[in-house]
Amino acid sequence: MGYDAFGLPAEQYAIEHGVHPAISTAQNIDNFRKQLDNIGFCYDWDREVRTSEPSYYKWTQWIFLQLFNSFYNRNTQKAESIAKLVSEFEKHGNTEHECPADSLIQFTGFEWKAFSKKEQQDILMMYRLAFCGLGEVNWCEALGTVLANDEVVNGVSERGGYPVVKKKLRQWYLRITEYADRLLSGLETIEFSEAMKEMQTNWIGKSFGAEIDFVVNTSTNTPHDIPLTVYTTRPDTIFGVDFMVVAPEHDLIEKITTAEQREAVETYITYVKSRSDRERQAEKKITGCFTGAYAINPFSGKQIPIWISEYVLAGYGTGAIMGVPCGDERDHKFANHFNIPVTNIIGDYYDGKEANPTKDAKLQNSGFIDGMVMRDAIAVVNRELQDLGIGKEKVNYKMRDAAFSRQRYWGEPFPIQWKNGVAVPLDETELPLLLPEVDSYSPGPEGEGPLANIPEWVAKELETNTMPGYAGSSWYFLRYMDPHNNETFCDRKVSDYWNQVDLYIGGTEHAVGHLLYSRMWTKALYDLGHIGFDEPFRKLLNQGMIQGSSRFVYRIKGTNKFISHGLIDGEAYKIEDTDPIRVDVNFVDGVELDIEAFKQWRNGEYTDAEMILDGGKYICGSEVEKMSKSKFNTIDPTDLVEKFGADTFRMYEMFLGPVDQSKPWDTKGIEGVHRFLKKLWRLFFDEMKGKVWNEEKPTAAELKILHRTIRKIEDDTERFSFNTAVSAFMICVNELADLKCNKREVLESLLIMLTPYAPHISEELWLALGNKNSILDASYPKFEEQYVIESSKEYPVSINGRVRTNINIALDATPEQVQEIALNNELIHKWMEGKPLKKFIFVKGKMINVVV
RNA sequence: GCGGAUGUGGCGAAAUUGGCAGACGUACCAGACUUAGGAUCUGGCGCCGUAAGGCAUGCAGGUUCGACCCCUGUCAUCCGCACCA
């Protein structure tokens, strides 16, 4: 058992209440522990870990250093030490090791030695598995801080409603892209659901395409020799290119934008900066701006206008695309919106209204590939590009390197010092680098983290960023194996013994985050020889999420006014004019907000809020979504455990539905499980008569009930179908009660099966039966077929697929006998209405169907 | 917008491999016991219909002797997201 204890919520709490995160985290953990004990969970508490403890994050820092001191050797397809790379560079430069950050960088061994120390380190940084670079963050000038996507609503900060823009900051990254192929191939070796594998595969997004260089003309008369490189998966459509789109962040824009368009372009770029990633993603409207420049199609010589648009991302491919409206839906919409004429290269496959992404069309208007089938033309064009030196085949991945730094306090400090602009790792002996105390958790200057406010920290030139929440959670399963080791993160002999996690239970929401990061860390540690397996989890079970019901208040944009939900009617007030903000469900009664509690919330942040009421009340909006602290919609199990007991609570959770299905938390029906446990109790003890269990021999009927249950529970438990298992227990107890079976022999077996589901009552009744040892040590009942064998079955009989009657037929009857019995049945005769028999279908043990 | 998942009685759901749709549980209705019931027990309970029977697994099609299950399209909800060319 462990706690992933670093992160934003504790820091936020610290900012609001001035309580040190270490203290509030410890309190939270105590509370969790109470709840877990209360429910009766069995963990090996000797192996408890907390990611925020120095004894734990010492090794998170240590693993970071392993990544920092490693590069990915593409020739051997594994992580190797930077020292080895340096010796390679000294011998023959980087001829054997293409630079992953920039394939254009090339140098010889001689040149390498001539580089300054700083230049050498800058180059090495481009190879390291943990590296530093520039990245964009959500910057809120008014709050002077960087915000998580979570904290941004409609392009303004959730707290206070201040504008948020993109800002470039120095950031740490993990070079997870180097592991893309192994993360893909590794999926074949592990038991994850197909859906999960598909999500990870799509996220990694390997695609085969080509990079093509176009020459840019800034005016129609004076060609400049500026290349614009685009990435496309469809080089075969090169003759259908009607426009280019480059990302608004693209370096080229400055150089190519014409004087007439400069103002429009700058306005557009400012607009894009104000847009959150989520908005750029989800928006349906089409935006863009013409740069005034043209690119020249290398094959047709055609002038192609170059646009910028937010739908093209700087981080993928080359940050520029060629627009082929007849073959790509988004390009088509773009062309339509800006009245760009569409060239048809696929004849009848294009109807003039919608793009057609086919690869089967014969190309038209396509120069040297005219008449070819598109899918065949791809290789032809690639060869031609290569021959002309204006393009090459290229494999791309959607996945980008993982941002690994946060401008926050409550996270692992980086064991890095900056000396003259060079990142110098601390020695292993200096770990853990302790997180220092601070006076205030507010951000440092220029968007730096709170650590930048500490003079001693800055004087030591230590890195002021901290690691993100997922650092500690990327390897905790290894620490469970060897939690108290002070010499190493996990002894190799120990991890060899325990090996992979046999069964990992977690939600699909971690598909492209935690479940990829931990796979990458495991692979890196494996490559470096620290562990003996390169996939952390042998089998993954995705449990569904219990959802909560969140409550919202609606802040009118740009104001401190909050409008009651019912007044947002789409006419006088529109939902688009508001920023929906979640409030704590604890001060909402149903949907009615306790305004006083709201105003005192978050240290009085909303004290001055102006509430626009509806009939004297403020009515909140509600939404069912994942239960989460950050959504303020969590519930505490303690009250229910108090009222019904832990066994009822546990069984009810299991009875709610299939384990892999998400559903809103709802306590309707918990009574049913409680009644079941009471009914079970009454098989042993009667309220009036006291003890009723006895030593009588069970009858055949009773043994049949028992053994059917044994089989069912085994089956259901094996396939994690806990809800049907609970139902099987209920059926069993109902039937035993009907037969007034209070026989010890039957009841004991039942109790043993029930133990994992309802351990407390099982143990208590077990001891009440006079057993001396714990029920946990009892041997599991064995299923015996002889008690459940049936000799005949009530077959449902259909006429033309509709069930009309049932006939009892011996199970060993031959198909011929069955047909004779069925056709001679009076009711069936009636339903056949004298029509001739067309077909007789008999599925043994299942059903009979008469087709006429 | 993209990727993934899920849609079955008033509600949570079951149907494990294409073979009796609604097990089990809630809620509700009627009754028994009772000073009492928030205990316990009995019966009923998808919809229409007195019944025979008909109609029902988000919606529209398709495959099949037979479809909750497979296929095509579509709508809604949830999870994730970095608009992936």
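Convention: sequence-line order gives letters A, B, ...; per-chain numbering from 1.
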Min side-chain heavy-atom separation A:Ile321-A:Asp331 under 4.5 Å:
yes
If you restrict it to nitrogen or oxygen atoms, what contacts under 3.5 Å exist between nucleotides 33-38 of chain B and the protein, and what is each distance?
none

A:Gln200 atom CD is separated from B:rA5 atom P, nearest whole Å, by 14 Å
In A:Ser549, A:Ser550, A:Ser662, the residue satisfying side-chain hydrogen bond (donor to acceptor under 3.5 Å, both in side chains) with A:Glu625 is A:Ser550
Check: protein-nucleotides 68-77 of chain B nitrogen or oxygen pairs below 3.5 Å:
none

Students often get this wrong, so: under 4.0 angstrom with heavy atoms, is A:Lys838 touching a base, only sugar-phosphate, or nothing?
nothing
Looking across every strand, which nucleic acid part, if any, lies under 4.0 Å from A:Glu687 by heavy atom: base, sugar-phosphate, or nothing?
nothing
Indicate, with a heavy-atom threshold strictly under 4.0 Å, whether A:Met399 touches base, sugar-phosphate, or nothing.
base
Please give the distance between the C1' atoms of B:rG9 and B:rA60 as a whole number of Å.
23 Å
Residues in residues 844-852 of chain A with a heavy atom under 4.0 Å of RNA chain B, by number, are A:Lys846, A:Met847, A:Asn849, A:Val851
What's the separation between atom CG in A:Leu313 and atom CD in A:Glu249, rounded to the nearest 0.5 Å?
8.0 Å
Students often get this wrong, so: under 4.0 angstrom with heavy atoms, is A:Ala511 touching a base, only sugar-phosphate, or nothing?
nothing
Would you classify A:Leu313 as touching base, sugar-phosphate or nothing, given that sugar-phosphate means primed atoms plus P, OP1 and OP2, and contacts are heavy atoms under 4.0 Å?
base
If the cut-off is 4.0 Å, is A:Asn149 near the phosphate of B:rA82, judged by side-chain N/O to OP1 or OP2?
yes
Rounded distance in Å - CD (A:Glu735) to P (B:rG25):
11 Å
Taking the minimum atom-to-atom distance to the side chain of A:Arg330, which one of B:rC84, B:rG80, B:rC20 wins?
B:rC84
Which parts of residues 712-731 of chain A get close to RNA chain B, meaning a heavy atom less than 4.0 angstrom away?
A:Lys712, A:Asp715, A:Arg719, A:Asn723, A:Thr724, A:Ser727, A:Met730, A:Ile731
Calculate the interatomic distance between A:Arg708 atom CZ and B:rA23 atom P; express it in whole Å.
16 Å
Nearest of B:rG80, B:rC41, B:rG12 to any side-chain atom of A:Lys626?
B:rG80
Just the atom pairs and distances: protein N or O near nucleotides 26-32 of chain B's N or O, under 3.5 Å.
{"residue": "B:rU26", "atom": "OP1", "partner": "A:Arg675", "partner atom": "NH1", "Å": "2.5"}

B:rU8 versus B:rC59 - spacing of their P atoms, nearest Å
10 Å
For the pair A:Thr229 (side chain) and A:Asp213 (backbone), establish whether a donor and an acceptor sit closer than 3.5 Å, ignoring hydrogens and angles.
no
Secondary structure string for RNA chain B (Watson-Crick or G-U under 3.5 angstrom, | for other-strand pairs)
(((((((..(((......[....))).(((((.......))))).(((....)))..(((((..]....))))))))))))....
If you define the side chain from C-beta out and look only at heavy atoms, does anything of A:Asp401 sit under 4.5 Å from A:Phe131?
yes
Counting side-chain heavy atoms from CB outward, which of B:rA5, B:rA82, B:rA14 is closest to A:Arg400?
B:rA82
Can you identify which nucleotide, out of B:rC79, B:rC84, B:rG54, has its nearest atom closest to the A:Glu625 side chain?
B:rC79
I want to verify a distance call: between B:rA5, B:rC83, B:rG80, whose nearest atom is closest to the A:Glu509 side chain?
B:rG80
Pick base, sugar-phosphate or nothing for A:Trp831, based on heavy-atom distances below 4.0 Å to the nucleic acid.
sugar-phosphate
